[in-house]
A.B. asks: 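Before I ask anything, here is the structure I am working with.
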Amino acid sequence: MARIMGIDYGGKRTGLAVTDPLQIIATALETVPTAQLMDYLKKYCQKEEVEAFVIGHPLSLDGSDTHASPLVRDFTEKLKKEFPDKEIHFVDEAYTSKMAMRSLIDSGVKKKDRRQKGSLDKIAATIILQEFMEERG
């Protein structure tokens, strides 16, 4: 089986997570500067088989778009063009950053180290991927 990649897309940084080849466990992968994201994805998909992408979809509490929604839509269009053979799924990313911060706190990460937003992004991507896997059953 191939991996599934979770993406927490951001204007500056993008957090990435992947499943194992059996699609049982989601693991934080990397935080990549968004300007370098597509190159990173191309290289990663050349060395690892990726079946699908799961993208965090930014929505307001009432289900409407947020200021980040157009950025995610633009990125999704580029992703479809670059990887036409890959499935793309969306997961509501509401509260994933708060859940990621709670995860860092609960795991004992020092306050100074929690300020590094790259850790937060890849943990948020992992949460997005886990939610997709749970919904899929």
A.B. asks: Please find the pair of heavy atoms, one from H89 and one from A52, that lie closest to each other, and give the distance.
C.D. replies: CD2-CB, 4.0 Å
A.B. asks: Minimum heavy-atom separation for A26 and Q130, please, with both atom names.
C.D. replies: CB-CG, 3.7 Å
A.B. asks: Quick check on the hydrophobic clustering: are F132 and I55 connected, directly or via other members, by side-chain heavy-atom contacts under 4.5 Å?
C.D. replies: no
A.B. asks: Ignoring hydrogens and angles, tell me if any N or O in the side chain of T126 forms a donor-acceptor pair with the backbone of A17 under 3.5 Å.
C.D. replies: no
A.B. asks: Nearest 0.5 angstrom please: Y9 OH to L37 CG, how far?
C.D. replies: 7.0 Å
A.B. asks: Between R3 and Y44, is the side-chain contact (heavy atoms from CB on, under 4.5 Å) condition met? List the steps.
C.D. replies: CA-CA 11 Å; R3 297 175 189 272; Y44 187 85; 3.4 Å; yes
A.B. asks: Are V54 and L71 connected in a single hydrophobic cluster, I mean Ile/Leu/Val/Met/Phe/Trp/Tyr linked by side-chain heavy atoms less than 4.5 Å apart?
C.D. replies: no
A.B. asks: Under 6.0 Å from the CD atom of E135, do we count more than 12 heavy atoms belonging to anything else shown?
C.D. replies: yes
A.B. asks: To the nearest 0.5 Å, how far apart are CG in L129 and CG in L16?
C.D. replies: 10.5 Å
A.B. asks: Quick one: does T19's side chain have a donor or acceptor within less than 3.5 Å of a partner on I4's backbone?
C.D. replies: yes
A.B. asks: Establish whether F83 and I88 are linked, either directly or via other cluster members, by ILVMFWY side-chain heavy-atom contacts under 4.5 Å.
C.D. replies: yes
A.B. asks: Please lay out, stage by stage, how C45 and F53 fare under the test side-chain contact (heavy atoms from CB on, under 4.5 Å).
C.D. replies: CA-CA 11 Å; C45 290; F53 297 107; 4.1 Å; yes
A.B. asks: Within this structure, what is the OG1-CD distance for the pair T14 and E30, rounded to the nearest 0.5 Å?
C.D. replies: 11.5 Å
A.B. asks: Between NZ of K122 and CG of L29, what distance do you get to the nearest 0.5 Å?
C.D. replies: 8.5 Å
A.B. asks: Can you check side-chain contact (heavy atoms from CB on, under 4.5 Å) on F75 and I7, steps first, answer last?
C.D. replies: CA-CA 11 Å; F75 166 69; I7 301 174; 4.1 Å; yes
A.B. asks: Ignoring hydrogens and angles, tell me if any N or O in the side chain of T31 forms a donor-acceptor pair with the backbone of D121 under 3.5 Å.
C.D. replies: no
A.B. asks: Would I127 end up clustered with V32 when hydrophobic side chains under 4.5 Å apart are linked, directly or stepwise?
C.D. replies: no
A.B. asks: When rounded to the nearest 0.5 angstrom, what distance separates CD1 in I128 from NE2 in H57?
C.D. replies: 11.5 Å
A.B. asks: So V50 and L41, side-chain contact (heavy atoms from CB on, under 4.5 Å) or not? Walk me through it.
C.D. replies: CA-CA 10 Å; V50 175; L41 294 176; over 6 Å; no
A.B. asks: Does a side-chain N-to-carboxylate-O contact under 4.0 Å join K86 and E51?
C.D. replies: no
A.B. asks: Between CE of M1 and CG of D20, what distance do you get to the nearest 0.5 Å?
C.D. replies: 9.0 Å
A.B. asks: Flag yes if M133 and F90 sit in one hydrophobic cluster, no otherwise; membership is Ile, Leu, Val, Met, Phe, Trp, Tyr, and two members link when side-chain heavy atoms are under 4.5 Å apart.
C.D. replies: no
